[in-house]
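Hydrogens, waters and symmetry mates are skipped; everything else that's a heavy atom, side chains included, is used. The structure displayed is predicted, hence computed values, not measured ones. Residue numbers start from 1 in every chain, and the chains themselves are labelled A, B, ... in the order their sequence lines are given, proteins ahead of strands.
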Amino acid sequence: MPELPEVETIRRQLNKHILEKTIVGIKVISKKSFIGDSSRLINKKVIKILRFGKYFCFQLTKNLFLNFHLKMTGQLLYARDMNKAQFNTKIPFTKTDTMPGKTTRVIINFNDNSGLFFNDLRKFGWAKVGNKPEQPKGVDVLSKEFTIHYFIKIVRTSKKRIKILLIDQDKLSGIGNIYANEILFNARINPLRVSLFLKPLEISKLFQAIKKIIEQGIRFGGSSSADEAFIQTDGSKGRFQQRLYVYQREDKSCHVCKTLIKRIKHGGRSSFYCPNCQPIIHI
DNA sequence: AGGGGTACCTGCGGGC
DNA sequence: TGCCCGCAGGTACCCC
């Protein structure tokens, strides 16, 4: 699920709620979802919340870090009162879920009776206690290290298809399948184009598109599609899914030119593009 | 290097 | 209704 905008949305919301709070309880329901010794967290205070690409962590007192990677279906829900934790995870105002639910894997309690539910349907995600933040190799696309110069360098030295390069977390971190598709549409570049054949103007358009689309994703609170894998920390949906031009729009008409959006598979996953707006020039 | 496949999990929707 | 198949916001690992 969560790509950079979703994780950043979670980080900003938690920032309002859990700073300076002390962890007083932790319950690991699914062993697979928690790495390390959970008892080390007890009586540690949350100093800061950090994000690196799609990873994020709580920096705690005593030089301890509680790291998270939400993978496809991880969610973090914040409850003010853990004794009556209810969230609008279905359709708002009609159906309400009480937590813990059947996908709740870890529960964290704070000293003021508030707490967090780490839910994860597919159990690919994890929380991990350690002495340092977990970080991807690639440059975070929101960081100051992500410059046009760095971007030109990685694009010119890669023979991969541009779509595959964009989601390569060893080169750039934060972009996943939804945003890669939307970024390429915004720059009017076909996902199958080979990186090193992109022209200077296209590289520059792509660089701008990355910044623009990622910032938009954050501004709209992330993207929640029909299956609701991503929800915000209060259980509500993001709004970026209303602004998708190509992702999951196969056979629907392009918002710009009315041509039908195409879906192809490569790199083991779906890519969506408009054959008219994003023509294949030379693959 | 890059490409392809599989695996990790669970659930949902479509086709027959 | 019921079953089988393909699909899903991520990543690691294998083989060619």
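In this structure, A:Lys137 atom NZ and C:dT11 atom P are separated by 13 Å, rounded to whole Å. Going from atom CZ of A:Arg122 over to atom P of C:dA8 covers 10 Å, rounded to whole Å. Put simply, CE on A:Met72 is 14 Å from C1' on C:dA12, counting in whole angstrom units. Going from atom CD of A:Glu250 over to atom P of C:dA8 covers 10 Å, rounded to whole Å. Put simply, CD1 on A:Ile10 is 17 Å from P on C:dG9, counting in whole angstrom units.
Remark: the separation of the P atoms in B:dG4 and C:dC7 is 15 Å, to the nearest Å. Of the C1' atoms belonging to B:dG3 and C:dG9, the separation is 23 Å, rounded to the nearest Å. Rounded to whole Å, the separation between the P atoms of B:dA1 and C:dG10 comes to 24 Å. Here the separation of C:dC13 from B:dC9, taken at their P atoms, is 15 Å to the nearest Å. B:dG5 and C:dG6: their P atoms are spaced 13 Å apart (whole Å).
Among residues at least two apart or in separate chains, side-chain hydrogen bond (donor to acceptor under 3.5 Å, both in side chains) pairs with a member in residues 45-62 of chain A are A:Glu8-A:Arg51, A:Glu20-A:Lys45, A:Arg51-A:Asp140.
No side-chain donor-acceptor contact under 3.5 Å links A:Asn186 and A:Lys205. The closest side-chain donor-acceptor pair between A:Lys123 and A:Ser30, if any, does not fall under 3.5 angstrom. Side chain to side chain, A:Arg249 and A:Asn181 fail the donor-acceptor criterion of an N or O pair below 3.5 Å.
In the set B:dG3, C:dA8, B:dC8, the nucleotide with an atom closest to the side chain of A:Lys32 is B:dC8. Proximity note for A:Gln248 (side chain, C-beta onward) versus C:dA8, B:dG2, C:dG10: the nearest is C:dA8. Among C:dG10, C:dG9, B:dG2, the nucleotide with an atom closest to any side-chain atom of A:Ser158 is B:dG2.
In this structure, A:Tyr247 reaches the C:dG9 phosphate: one of its side-chain N or O atoms is under 4.0 Å from OP1 or OP2. Between A:Lys123 and B:dT10, a side-chain N or O to OP1/OP2 separation shorter than 4.0 Å is present. Considering only side-chain N and O atoms, A:Lys54 lies nowhere under 4.0 angstrom from the phosphate OP1 or OP2 of C:dG9.
Taking the six-membered ring for Trp and thresholds of 30 and 60 degrees, A:Phe87 and A:Phe117 have ring planes more than 60 degrees apart, a perpendicular arrangement.
For the side chain to side chain contact (heavy atoms under 4.5 Å, CB included) with A:Val129, the qualifying choice from A:Leu60, A:Asp37, A:Ile26, A:Leu41 is A:Leu41, the only one to do so.
With A:Glu134 contributing its side chain and A:Asn67 its backbone, the two residues share no donor-acceptor pair below 3.5 Å.
Aromatic stacking of A:Phe230 on C:dG9: not satisfied for centres closer than 5.5 Å together with planes under 30 degrees.
In terms of polar N and O atoms assigned as donor or acceptor, the side chain of A:Ser225 comes within less than 3.5 Å of the base of C:dG9 in a complementary pairing.
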Distances under 3.5 Å between nitrogen or oxygen atoms of protein and nucleotides 11-16 of chain B:
none

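Annotation: ring-ring contact (aromatic ring centres under 6.0 Å, His included) contacts of A:Phe272 (sequence neighbours excluded): A:Tyr247. Listed by chain and number, the residues in a ring-ring contact (aromatic ring centres under 6.0 Å, His included) with A:His266 amount to none (sequence neighbours excluded).
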Secondary structure of DNA chain B per the Watson-Crick/G-U criterion (both distances under 3.5 Å; [ ] crossing, | other strand, . unpaired) is .|||||||.|||||||
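DNA chain C is contacted by A:Arg263, A:Lys265, A:Arg269, A:Ser270 of residues 263-271 of chain A, taking any non-hydrogen atom closer than 4.0 Å.
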